[in-house]
Each structure stands twice: as structure tokens, then as C-alpha cells.
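From a predicted model like this one, the values you see are computed outputs, not experimental measurements.
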Amino acid sequence: MGPSGARTAGAAAAGPAAGVPPRGENSPRLGAFLARAAAVTAALTVAGALLGLVRDQAIAKIYGASTDSDAFLVAWTVPEMAATLLIEDAMALLLVPAFSHAIALRAAGRATALRDPVRDPVRDLVAATFPRLFAVLAAVTGLLILFAPQFVGALAPGFPDPGLAVDCTRLAALTVLTYGIAGYFSAALRAHGRFLPPAAVYIASNIGIIGTILLLDSCWGVRAAATGAAVGGLLMVLAQLPAFVREADWPPLRPRPAGRIAAPLVGFAVLAPIALFAVSRQSQVLVERFLASSLSSGAISHLNYAQKVAQMPMVLSLMFCTVTFPAVAQAVAEGDRERARRRVEKDLALAGTVVLLGTSLILGYAPQIVEVLFERGAFDPQDTATTASVMRVYAAGLIGHTLVGALGRPFFSSGRPTWYPPAAMAVGLLVTVAAGSAAVGPWGVHGIAAANAAGICVTALLLLFGLGSRIVPIEVRAIGRALGRLGLAAAAAALAGRLAAPLIADALLSLVLGALLVPAVFTLTGLAVRAPEVVHLLALTRQRIRHVR
């Protein structure tokens with residue numbers, strides 16, 4: 001999945017070797033392409049997640065769970081929101097279908113393009129959207145820098161050192177511009193079947209943050225971490241720039257004649273529901289930090305460390321959905337609802353298997369995970385105990401987060417405006433706000449985490465039941481039965497891990513053995529209850545072993 005070089009009109013449909021996914025749901029070439037793309041994306045995502053853990057370890061070791069770390073995390077809300085809006089959700093949901101359509105027009109009009117090589121739908125789409133996006137991002141960045149004190153006051157009104165948080169926020173605000181450009185590049189490259197550069201962006205970002213902390217902490221303190229966020233955003237852009245220039249042929253070497261772009265307009269009617277959906281989804285973090293700002297020092301940090309580790313299974317489970325999104329968008333655009341249904345149901349089953357297996361490991365071994373990852377330097381055993389207990393509460397909502405991430409894509413795959421997903425997300429957010437406000441007093445950070453899980457699960461159920469009647473006719477009952485069987489397997493594996501974890505005093509050794517025990521119990525229980533994905537994966541493994549022999 002390396003760079004494929006500059007494209008000609010005749011090479012635009014050259015197939016997987018050139019980075020373009022072959023058409024057809026049942027095509028063996030498509031299956032092989034998606035498998036390779038998913039493997040590359042998953043490998044780079046794991047690498048980025050591991051570097052993210054190294055980043056969090058460095059912050060935990062140097063700053064612990066303190067006012068300094070809380071100040072950084074208040075500022076870190078900006079890159080988190082920017083990543084959700086501009087890289088993962090809104091930008092991808094908006095632009096992948098638009099670029100997919102433009103690429104199809106480019107392929108369909110190859111003969112015309114050879115006679116008139118100046119016209120190119122992809123290049124026209126970039127010319128119509130990128131300059132405007134850059135101007136908007138630059139303006140928002142400037143406003144956030146200017147109004148950083150008001151931002152901090154609204155997000156964390158009880159914070160003890162607002163000046164430090166304001167300094168960090170102004171530095172982190174630069175990520176709005178760089179993440180937006182990186183997200184635009186990622187959407188264009190994924191639509192072209194190029195998954196390697198987009199999957200590497202978080203590796204680049206975390207390298208920038210870690211390196212800047214190591215270089216500048218002695219003189220800038222926690223402000224070095226915020227500066228690292230800005231440096232990491234720039235590296236995200238640079239990691240994708242060469243591939244984007246080749247695929248989009250931008251900027252054009254020759255002047256383009258004026259005319260209407262031969263691609264769907266990316267206007268407010270399409271953008272508004274996508275942006276509202278992404279903002280509402282990420283607003284759960286804003287609610288958490290608002291509620292936790294009035295608790296004791298370190299509460300925001302405990303929530304952050306617990307959430308970052310707990311969400312790793314969710315991130316891995318959604319990798320295949322990220323790779324297959326262009327295929328779903330293509331099927332929906334062509335009116336092939338049956339092909340889209342099969343693809344979405346496969347994605348949901350695979351994502352559910354991965355996230356529930358990860359959930360069972362977290363529920364069983366949360367204290368050992370936190371101790372191995374974070375307990376050093378300023379991060380003490382009490383921080384470990386609190387973070388681990390919060391992580392177990394968060395784990396209850398991982399299946400909801402995964403379903404929301406997987407179901408949001410087909411809703412927006414047609415490129416037409418739909419307000420159902422943001423409405424469902426708003427209902428879930430209201431549940432989070434109400435439950436969090438009621439629970440933060442008696443249960444503190446644990447009540448906040450429980451409210452997060454409750455709100456996202458409500459949204460997941462609304463999206464699951466709403467997709468079939470609106471976009472893709474998925475079989476909700478069949479999906480529910482499959483996830484229910486996988487849930488039983490996860491519960492058995494989590495119980496086995498919870499009972500076995502305390503038997504070994506060394507946290508690392510206990511965790512290593514747990515990484516063997518939990519999947520084994522998950523698999524055996526899945527076979528016992530005939531969970532379809534477990535049965536299918538084992539059958540496929542046996543088939544591959546016989547083939548090798």
C-alpha cells in the first residue's frame with residue numbers, strides 16, 4: 001500500500017496495484033484489497049495508539065494527575081474536538097462520498113479527458129473546496145487564540161490555574177488549522193484507495209508531541225506538551241502532502257477553464273448535520289471536563305487516562321469500517337441497497353467481536369493495565385486504583401461507542417443531508433448531561449463515566465433501529481442476537497480474568513497471562529453459545545491451516 005505515483009487518465013481505474021479498490025462486493029480482488037488495506041490501517045493504528053500511550057506515559061510520569069496535567073487536558077480538548085470533526089468523523093463523512101463520486105466521474109469520462117486533459121472532476125472539487133476550507137480554519141484558529149480565556153472559563157469554570165490553561169489552549173489552537181488540512185488530505189486519499197498515509201497521521205502527531213516534551217519541558221513545563229500538539233499537527237500534514245499532490249494533481253500545472261465542478265457540492269445542507277453529529281459526539285468529553293473541573297485536583301486526568309486506554313479496543317474495532325466506508329458509499333450511491341446491507345452487517349459483526357473481546361480484557365485486568373502503563377514518577381498507586389476503577393465503568397459503553405462509529409458512516413454515505421444521526425446523538429448527549437449532573441455529586445468521576453456509557457448506548461440503539469428504515473435495510477434482530485451471544489462470551493471472559501488477575505502479584509506477568517486467558521475463554525464461550533463470528537473465524541483459520549498443509 002505504498003505510494004502509487006502520479007496518475008494518468010488511463011491509470012485511474014488500474015485496480016488495487018495502483019491503489020484503487022476494485023468494484024463489486026463479491027469480487028475476490030475487492031476482498032483481498034480490503035483485507036490488505038485493513039491490515040495496513042490496523043498495524044499503523046496500533047503503532048499510533050502505542051505511541052499515544054507513550055505520550056500519556058510521559059505526561060503521567062512528568063506531571064502525574066495534577067493541576068499541570070489538568071491544564072494540558074483542558075487545552076487538549078481542542079485537538080480532540082478537531083480530530084473528531086476534521087479527521088475522523090465530519091470531514092470523512094462529508095468528503096469521502098464527494099471524492100468517491102468525483103473519482104467515478106473521472107473514470108467514466110476518461111475518453112473525454114484524453115481529448116480535453118485540462119478538465120478533471122477531482123481537481124475541480126479540490127479547487128472549489130480547499131481554499132474556502134483553509135480560510136475558515138484559519139479564521140477559527142485566530143478566534144480561538146483570541147478568546148482562549150473565555151473558552152477555558154466556559155469549559156472548566158472551577159479550574160484553579162486558568163492562566164496556565166489559557167497558555168496551553170492558545171498553543172493547542174493551532175491544531176484546528178493543521179488537523180483540518182490533514183483531515184481533508186485523509187478523506188481524499190481514502191477515497192482514492194490510499195490508506196497508508198492517512199493511517200500514519202497519529203504516529204506523526206505523537207512523535208511531535210513526545211519529542212517536543214523531551215526537548216522543552218525543562219524550560220516550558222507543561223506548555224511544552226501543548227506546543228507538541230501544534231508540532232504534531234504540522235507533521236500530520238507533511239506526512240500526507242506528497243501523496244495528496246500526486247492523487248489530486250493539485251495544484252494543476254495548467255490553467256483550468258471556468259465552469260461548474262462535476263462533483264456534488266459540499267454545501268451547508270450536507271455539512272450541517274454531519275458537523276452537528278460529530279460535535280455532539282465529541283461533546284461528551286466537554287461535559288465530562290465541565291463536571292470534573294469542580295472535583296478534586298487530578299479528576300480530569302483520571303478520566304482522561306481511563307478513557308484513552310479503555311477506547312483502544314473501539315479504535316481497533318472501527319479500522320475495517322474505515323477501510324470499507326468508500327465501498328459502502330459507492331453501493332449506496334448506485335442504489336445497491338442489498339450490497340450495502342451485507343457490507344454494513346459484516347462490519348458491525350466484526351467490530352462487535354473485536355470491541356467485546358477488548359472490553360472483557362479491560363474488565364478483568366484494569367488495575368494491571370494501568371499499573372504497567374502509568375504507575376511511575378508522579379503517578380502513584382492511588383492514581384492507579386482510581387483510574388482502573390473508572391476504566392471499568394467506561395468499558396460498559398465501549399460497544400455503544402463502536403456501534404455509533406460504525407453506524408454513522410452509512411447514514412452519511414449517500415452525500416445527501418440527513419438529520420436523524422445528529423438528533424439521535426443529541427438525545428444521547430442529553431442523557432449524558434442529565435445522568436452526569438445527578439451522579440457527579442454522590443459518585444464523582446465514576447458517576448461521570450457511567451453517564452458517558454449510558455448516553456452513548458442510547459444513541460447506538462437509536463441509530464441501529466433508524467438505519468434500516470432510512471438508508472440501509474439491515475436486519476436489526478439478527479444483529480442483536482449476534483451481539484448478544486458475543487456479549488455472553490465477553491462476560492464469561494471478563495469474569496475469568498477478574499478471578500485470575502489477583503492470583504499473580506506481578507502486574508506485567510499477570511497481564512501477559514491474561515492476554516492468553518481472556519481470548520481463550522472468549523473463544524470457548526463463543527463456540528458454546530454459537531456466536532456466529534467466533535464460529536466463522538475458527539472455520540476460516542482451520543481452512544487456512546489445511547490449505548498450508
Asks: Got a donor-acceptor contact below 3.5 angstrom from the N206 side chain to the I203 backbone?
Replies: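 Checked: no pair found.
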Asks: How close do A310 and P313 get, counting heavy atoms only, and between which atoms?
Replies: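 Heavy atoms only, the tightest pair is O-CD, 3.1 Å.
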Asks: Start with the C-alpha gap between W220 and T227, add the side-chain angles, then the distance that decides, and say whether side chain to side chain contact (heavy atoms under 4.5 Å, CB included) holds.
Replies: CA-CA 9 Å; W220 284 8; T227 305; 3.3 Å; yes
Asks: Would I210 and V54 count as a side chain to side chain contact (heavy atoms under 4.5 Å, CB included) if you check the C-alpha gap in whole Å, the side-chain angles of each, and the deciding distance to 0.1 Å?
Replies: CA-CA 8 Å; I210 295 168; V54 173; 3.7 Å; yes
Asks: So which heavy atom on L463 is nearest to which on F277, and how close?
Replies: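 Closest heavy-atom pair between L463 and F277: CD1-CE1, 4.3 Å.
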Asks: Has D68 got a side-chain atom pairing as donor or acceptor with V222's backbone, closer than 3.5 angstrom?
Replies: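 Pair absent, no side-chain N/O of D68 close to backbone of V222.
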Asks: Evaluate V354 against M314 for side chain to side chain contact (heavy atoms under 4.5 Å, CB included), listing each step before the verdict.
Replies: CA-CA 8 Å; V354 173; M314 178 203 71; over 6 Å; no
Asks: Side chains of S437 and L291, heavy atoms from C-beta outward: is any pair under 4.5 Å?
Replies: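 Answer yes - side chains close enough.
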Asks: Does the side chain to side chain contact (heavy atoms under 4.5 Å, CB included) test come out yes or no for T178 and M236, once each step is laid out?
Replies: CA-CA 7 Å; T178 54; M236 280 182 162; over 6 Å; no
Asks: Out of curiosity, I181 CD1 to I87 CD1, how far, rounded to the nearest 0.5 Å?
Replies: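 Answer rounded to 0.5 Å: 11.0 Å.
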Asks: Enter the distance from Y365:OH to M391:CE here, rounded to the nearest 0.5 Å.
Replies: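 Y365 OH to M391 CE: 15.0 Å, rounded to 0.5 Å.
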Asks: Minimum heavy-atom separation for G364 to A501, with atom names?
Replies: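 Nearest pair, atom of G364 first, then A501: O-CB, 3.6 Å.
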Asks: Taking C-beta and beyond as the side chain, do V309 and Y394 meet within less than 4.5 Å on heavy atoms?
Replies: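 A side-chain contact under 4.5 Å is absent here.
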Asks: Should the pair E80-K308 be classified as a salt bridge under the 4.0 Å nitrogen-to-oxygen rule?
Replies: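 Looking at E80 and K308, the cut-off is met.
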Asks: Consider only side-chain N and O atoms of E375 and T384, and report whether a donor and an acceptor are under 3.5 Å apart.
Replies: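 There is such a pair between these side chains.
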Asks: Look up atom CG in L137 and atom CG in L86, then write down how far apart they are to the nearest 0.5 Å.
Replies: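 Reported value, rounded in 0.5 Å steps: 6.0 Å.
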Asks: Any non-hydrogen side-chain atom of L73 less than 4.5 Å from a side-chain atom of L303?
Replies: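 Side chain of L73 against side chain of L303, heavy atoms only: no contact under 4.5 Å found.
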Asks: Side chains of P273 and P422, heavy atoms from C-beta outward: is any pair under 4.5 Å?
Replies: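 In contact.
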Asks: Treating Y63 as the side-chain partner and D70 as the backbone partner, does any N or O pair qualify as donor plus acceptor under 3.5 Å?
Replies: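 Between the backbone of D70 and the side chain of Y63 there is no qualifying donor-acceptor contact (under 3.5 Å).
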Asks: How close do I399 and G352 get, heavy atom to heavy atom, and via which atoms?
Replies: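 Smallest heavy-atom distance, with atoms named: CD1-CA, 4.3 Å.
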Asks: Does atom CZ of F159 have more than 12 heavy-atom neighbours from other groups under 6.0 Å away?
Replies: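 Enclosed.
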Asks: Taking C-beta and beyond as the side chain, do N452 and H401 meet within less than 4.5 Å on heavy atoms?
Replies: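 The answer is yes, as the side chains (C-beta and beyond) meet within the 4.5 Å cut-off.
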Asks: Donor-acceptor pair, R376 side chain versus V372 backbone, under 3.5 Å?
Replies: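 Pair found, side chain donor or acceptor close to backbone of V372.
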Asks: Okay, side chain of Q311, backbone of L398: is any donor-acceptor separation there less than 3.5 Å?
Replies: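 No, because the side chain of Q311 does not come within donor-acceptor range (under 3.5 Å) of the backbone of L398.
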Asks: Aromatic contact between F99 and Y184, with the criterion being ring centroids under 6.0 Å apart: yes or no?
Replies: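 So the answer is yes for these two rings.
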Asks: If you define the side chain from C-beta out and look only at heavy atoms, does anything of Y179 sit under 4.5 Å from S205?
Replies: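 Contact flag for Y179/S205 side chains = yes.
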Asks: So how far is it from I209 CD1 to L214 CG, rounded to the nearest 0.5 Å?
Replies: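 Interatomic distance, I209 CD1 to L214 CG, rounded to 0.5 Å: 12.0 Å.
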Asks: Do V279 and M81 come within less than 4.5 Å of each other through their side chains, counting heavy atoms only?
Replies: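 SC-SC contact between V279 and M81 confirmed.
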Asks: Would a line drawn from the ring center of F379 to the ring center of Y305 be shorter than 6.0 Å?
Replies: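 Centroid distance F379-Y305: below 6.0 Å, so yes.
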Asks: How close do A75 and A172 get, heavy atom to heavy atom, and via which atoms?
Replies: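 Of all heavy-atom pairs spanning A75 and A172, the closest is O-CB, 3.7 Å.
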Asks: Would you say the side-chain atoms of R170 pair up with the backbone N or O of I145, donor to acceptor, closer than 3.5 Å?
Replies: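 Judged by distance alone, yes, a pair lies under 3.5 Å.
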Asks: In this structure, which one of L361, L357, I362, L363 forms a side-chain contact (heavy atoms from CB on, under 4.5 Å) with T359?
Replies: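 The option that passes is L363.
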Asks: Looking at A182 and V237, what are the two nearest heavy atoms and their distance?
Replies: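 So the minimum-distance heavy-atom pair works out to N-CG2, 4.0 Å.
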Asks: Whether the side chain of S510 engages the backbone of A507 through a donor-acceptor N/O pair (distance < 3.5 Å, no angle test) should be reported.
Replies: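 Not a single qualifying donor-acceptor pair exists.
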Asks: Looking only at the side chains, is there a donor atom on one of S301 and S69 sitting less than 3.5 Å from an acceptor on the other?
Replies: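 Yes, S69 and S301 have a side-chain donor paired with an acceptor closer than 3.5 Å.
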Asks: Are the side chains of P157 and F290 in touch, meaning some heavy atoms are under 4.5 Å apart?
Replies: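 With C-beta onward as the side chain, the pair touches.
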Asks: Would you say the side-chain atoms of Q368 pair up with the backbone N or O of L511, donor to acceptor, closer than 3.5 Å?
Replies: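 Pair absent, no side-chain N/O of Q368 close to backbone of L511.
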Asks: With rounding to the nearest 0.5 angstrom, report the CG to OG1 distance, L235 to T212.
Replies: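 It is 8.0 Å, given to the nearest 0.5 Å.
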Asks: State the CG-CD distance between D506 and E371, to the nearest 0.5 angstrom.
Replies: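 Here the rounded value is 8.0 Å.
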